[in-house]
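Data block below; observations after.
Side chains are part of it too, since the values below use all heavy atoms of this structure and drop only hydrogens, waters and symmetry mates.
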Amino acid sequence: MDETHVDAVIVGAGFSGLYATHRLRNQQGLSVQSFEAASGPGGVWHWNRYPGARCDFESIFYSFSFDEDLQREWRWKERYAAQPEILAYLEHVADRFDLRRSYRFSTRVTSAVWDDAAQRWVVGTDDGRVTIARFFINAAGAFSVNKPNDFPGQETFRGTVVHTSRWPAGGVDLAGKRVAVIGTGSTGIQVVQTIAPQVAELTVFQRTANFACPLGNRPLTDEEFEQTVADYPRLREESRNSLAGAAYPRATRSAMADSPEERRKTYDTYYNGGGFRMLASTYFDLIFNPAANETAADYIRDRIRERVKDPKTAELLTPKGHPYGAKRATFETKYFETFNLPHVRLVDAKATPIERITEKGIATTAQEYEFDVIVLATGFDVGAGALMRMGVVGRDGRKLTDHWADGQRAYVGMANHGFPNLFHVNGPQGAAALFNNPIAIEDSVDFIADLIAYTDAHGHRTAEVTAAAEDRYNEVVAEVAEVTLFPKAVTWYMGDNIPGKPRRPLSLFTGAPMYRAICAEVQATEYAGFSLDGDARDLPNSIKMDGAAVFLLAGLMNMGAKPLEVSSLEEIRAGIETFKHLQLPVPSDVGITDTQYPTDGGERTVRLYRPPVEGPLPVVVFLHGGGWVAGSLDLYDEPCASLARRLGALVVSPDYRLAPEHPFPAAIDDTMAALRWAAENIAGYGGDPERIAVGGESAGANLAAVAALRTRDEGGPRLAAQVLVTPPTDFTADTESRRIFARGPIISTELGGRMAAWYLGDPAHVTSSWAAPAHAQDLSNLPPALVVTMEIDPLRDEGEDYARALTEAGVPTVCKRLDGLIHTTFVLSGSIPRAAEIQDAISDFLAPLLSAEAGKAKAAAALG
């Protein structure tokens, strides 16, 4: 047997394979054998030679960044490079870094079997040779397998049938021919607009109209190129920290925050801006807010109608039934004007589906059309389809096809349980759908190469993701998808374009920054989620998080939001206030009234939320959060109104004085004043003064806990219960959660310390029980308590420690931890649906304690 032994086998010679070969061989000194089915380098750009094929990210971004000399020496000709130039670039890369000598071209991998005894991959190829390697790198790409022809009868056609992804290198003679194009995705649009001037007749079969915006291609001037080269370090860094992996302007506003006229100006700017700017640079909520998305969709529809002369054709080309961007955004150059030409016609293949290909052409349910050439622009079996054809068998004889029977998935898009030392470059469930691929590929290769270097440096032989990590990451990908609009469309993003393929998100829909942050955390924690020679690492925090929280944090990153811990006081206040835009609408049937209550600092506003229920109602005095320095009544309108409606209670929200302008004890003094006001006056507003509970979130929960102590010690008002949501209770606490979640999310340990210092003023107050209830000498005889904590929160442990201390003091206490959720979830109901679980917990706890019967019993006890 012809057998070769190497460190790594790499499959593919596109962007992924070339860089992986360079990184592992040239930079890490490993022995590498690479394979490519094509006759030379290029990957998808070797095969995709159809007319009009070009990238839809700017050439300056759609290129490697790993070598400064390479960036300077390759002079891109166009703003968006065409296939011949991209192929020439990749061939140049192969030659410049001497990569061809590691390749066997025109060679297909036919088997890859893990030998557990030898801890090696045994890789067979179609030339009968065997290569044995420690590591197997799948760099075949997501677009290496074209979608099979859906239509029977192709073999009977007397003309030419050609698939765009297998276009002959010598081209196809279309001049003066009757040509059909099936498909109007990215590829179909490029083909149609390019060949229309050449052919005698062009018939386009469209099943789904797509939202397409102008590409804005043109020659790249010397001045533009030189400016880019000089600015490449900044551009590359900005690209990696931007939504799409390109240095586009950031979207920082909601579409619903602008007037129709303002939105029109914004869309006008970016519609013609080129590339993904219409989706990435206009408004941050287009991919998750249906109302916001519809404003962009309507704008594009109007532009299509303006450009197509025949109203019926225009209407057929106008996308309906799916949100803008939920299918991959497509781009065009006078595509819509093509349908104004007399020899071009559009067939609605949804109303009259194609039944078969015939001898003469194409038969639909309505008629038969005659053609000389049929072009199938029907797309790809997107994902790791090529790998599934390679006969991959992992540990214990498990086939990769069986592992993926319910859909392709991979931990951080790169690894699968049961397949040691096998890694995917930019694989299933990576961020490729919303991440400029060459940059995403570099990040992916670097992660894999660093993991290999780590295993070697520490004497490990195998690196394999744990089953728990792969399963949880798969859940996160699905949870993220569910809070977006992507599942609302039939799309390859969800695996819908291949009959029988399980419906599962093929990508993590967060954009580049969050995905990169997850990978960075995995790496920084010595490869959390991996098992190295059987030594399993725990999950990273970012993957423990609920997917909706992951998506929220991704949105903040995509907007370039400044972290609160490095913000000024004014920026912190403004930043926290923006959370209001991430809430559900305030229930319309809850009455909201403002009045005044007296404090030592003068009268302040108290806001009352009354549900549509006959009174007298139980009362909940609820204190807003914000670290004692921020937050407002407006920010808590939705949570307070929702609590009032859900519980059937009158919720009272007092505006208290904020630090540092008004340090301790101003806020707690105002809280006590509000409670006294409620006890004395709430009957006039339909509340029952015998049934009052106090509650709050974050800093508000701290105030509520202290208020429970003070009302006990100061003789009232009598409280039926206390509700503490993510309470800070001990400024001196040194807990595990403060350490492992020191950087947040949202609220970091550093930020918490700054807020506490502003609030306390004098450091001597740090152990005062009026500021830190955990330092109270006596916790007995307090009202029943509910303590709600979030798993991913620096304050988690001190809240739970306080709940245990209350229980030990004889206080009836319920402590509920919500796994996967983060601090501030309570005020993020529109972004994190599980915020409703906090409302449920409060309602379930308070309902029996605030019932009319409970109130009567308390009154009787007081009289007795």
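Here L243 contributes atom CG and M559 contributes atom CE; the two are 11.0 Å apart, rounded to the nearest 0.5 Å. Summarising the geometry, atom OG1 belonging to T671 is positioned 4.0 Å from atom CG belonging to L703; distances are rounded to the nearest 0.5 Å. Note that the NE2 atom of H624 and the CG atom of L635 stand 8.5 Å from one another [nearest 0.5 Å]. To the nearest 0.5 angstrom, L806 atom CG is 4.5 Å from T813 atom OG1. Atom OG of S698 sits about 6.0 Å away from atom CG of L795, to the nearest 0.5 Å. Going from atom CD of Q583 over to atom OH of Y636 covers 8.5 Å, rounded to the nearest 0.5 Å.
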- Task: Before giving the answer on side chain to side chain contact (heavy atoms under 4.5 Å, CB included), spell out for R516 and N241 the whole-Å C-alpha distance, their side-chain angles and the decisive distance to 0.1 Å.
- Result: CA-CA 8 Å; R516 296 185 73 243; N241 292 300; 3.6 Å; yes
- Residues E526, R537; criterion salt bridge (charged side-chain N to carboxylate O under 4.0 Å, His left out); working and verdict: CA-CA 8 Å; E526 298 185 304; R537 273 78 167 153; 5.0 Å; no
- Task: I would like to know whether E791 and I822 meet side chain to side chain contact (heavy atoms under 4.5 Å, CB included); could you show each step before the answer?
- Result: CA-CA 7 Å; E791 179 188 12; I822 62 175; over 6 Å; no
- Task: Tell me, with the steps shown, if T595 and N681 meet side chain to side chain contact (heavy atoms under 4.5 Å, CB included).
- Result: CA-CA 11 Å; T595 187; N681 298 279; over 6 Å; no
- Task: Start with the C-alpha distance between D734 and R738, add both sets of side-chain angles, then the distance that settles side chain to side chain contact (heavy atoms under 4.5 Å, CB included), and finish with yes or no.
- Result: CA-CA 7 Å; D734 179 19; R738 284 200 179 200; 5.8 Å; no
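Between D670 and Y597 there is a side-chain heavy-atom pair separated by less than 4.5 Å. Taking the side chain as every heavy atom from C-beta outward, V476 and V550 approach each other to under 4.5 Å. Using a 4.5 Å heavy-atom threshold, the side chains of R573 and L658 count as touching. Contact check for P513 versus S242: no side-chain heavy atoms found under the 4.5 Å cut-off. For the pair V723/F845, a side-chain contact is recorded, criterion being any heavy-atom separation below 4.5 Å from C-beta on. No side-chain heavy atom of E800 sits under 4.5 Å from any side-chain heavy atom of S737. Contact of the N558 side chain with the F284 side chain is not registered, since no non-hydrogen atoms from C-beta on lie closer than 4.5 Å. For the pair D844/V814, no side-chain contact is recorded, criterion being any heavy-atom separation below 4.5 Å from C-beta on.
Looking at D713 and R710, no side-chain N of the basic residue comes within less than 4.0 Å of a carboxylate O on the acidic one, giving no salt bridge. In summary, D793 and R796 do not engage in a salt bridge, as defined by a charged side-chain N under 4.0 Å from a carboxylate O.
Applying the salt bridge (Lys or Arg N to Asp or Glu O under 4.0 Å) test to R676 and every residue at least two apart in sequence or in another chain returns nothing.
Side-chain N or O atoms of E521 include one that pairs as donor or acceptor with a backbone N or O of S542 at under 3.5 Å. In this structure a side-chain-to-backbone donor-acceptor pair under 3.5 Å is present from E798 to T729. Judged by distance alone, the side chain of S748 and the main-chain N or O of G744 form no donor-acceptor pair under 3.5 Å. A donor-acceptor distance shorter than 3.5 angstrom exists from the side chain of N541 to the backbone of I740, with no hydrogens or angles considered. Here the side chain of E565 pairs no donor or acceptor atom with the backbone of I747 at under 3.5 angstrom. No donor-acceptor pair under 3.5 Å is formed between the side chain of R817 and the backbone N or O of T789.
For R645, the CZ atom counts as loosely surrounded, since its 6.0 Å shell holds 12 or fewer non-hydrogen atoms of other residues, nucleotides or ligands. Within a 6.0 Å radius of NZ in K816, other residues, nucleotides and ligands contribute 12 heavy atoms or fewer. Within a 6.0 Å radius of CD in E661, other residues, nucleotides and ligands contribute more than 12 heavy atoms. Around atom CZ of R743, no more than 12 heavy atoms belonging to other residues, nucleotides or ligands sit under 6.0 Å away.
Aromatic ring centroids of Y527 and F447 lie under 6.0 Å apart. Under the 6.0 Å cut-off for aromatic ring centres, H662 and Y656 do not qualify, their centroids lying 6.0 Å or more apart.
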Indicate every side-chain donor-acceptor pair of residues 601-611 with a distance under 3.5 Å to a residue at least two apart or in another chain.
{"from": "R604", "atom 1": "NE", "to": "D655", "atom 2": "O", "distance (Å)": "2.9"}
{"from": "R604", "atom 1": "NH2", "to": "D655", "atom 2": "OD2", "distance (Å)": "3.1"}
{"from": "T605", "atom 1": "OG1", "to": "Q596", "atom 2": "NE2", "distance (Å)": "3.4"}
{"from": "R607", "atom 1": "NE", "to": "D594", "atom 2": "OD1", "distance (Å)": "2.7"}
{"from": "R607", "atom 1": "NH1", "to": "D634", "atom 2": "OD1", "distance (Å)": "2.9"}
{"from": "R607", "atom 1": "NH1", "to": "D637", "atom 2": "OD1", "distance (Å)": "3.0"}
{"from": "R607", "atom 1": "NH1", "to": "D637", "atom 2": "OD2", "distance (Å)": "3.3"}
{"from": "R607", "atom 1": "NH2", "to": "D594", "atom 2": "OD2", "distance (Å)": "3.1"}
{"from": "R607", "atom 1": "NH2", "to": "D634", "atom 2": "OD1", "distance (Å)": "3.4"}
{"from": "Y609", "atom 1": "OH", "to": "D637", "atom 2": "OD1", "distance (Å)": "2.5"}
{"from": "R610", "atom 1": "NH1", "to": "Y685", "atom 2": "O", "distance (Å)": "3.1"}
{"from": "R610", "atom 1": "NH2", "to": "V613", "atom 2": "O", "distance (Å)": "3.3"}

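Of all heavy-atom pairs between V480 and G547, the closest is CG2-O, 3.3 Å. Considering all non-hydrogen atoms of both residues, V811 and N781 come closest at CG2-N, 4.4 Å. Closest non-hydrogen pair, A772 versus F731, comes out as CB-CD1, 3.9 Å.
Defined by atom type and a distance below 3.5 Å, a donor-acceptor pair is present between the side-chain atoms of S254 and D285.
Every pair tested for side chain to side chain donor-acceptor pair (under 3.5 Å) that includes a residue from residues 755-769 fails, sequence neighbours excluded, so the list is empty.
Between F530 and Y411, the two ring planes are perpendicular [angle over 60°; tilted spans 30° to 60°].
The one candidate from R472, R834, K544 that meets the salt bridge (charged side-chain N to carboxylate O under 4.0 Å, His left out) condition with E479 is R472.
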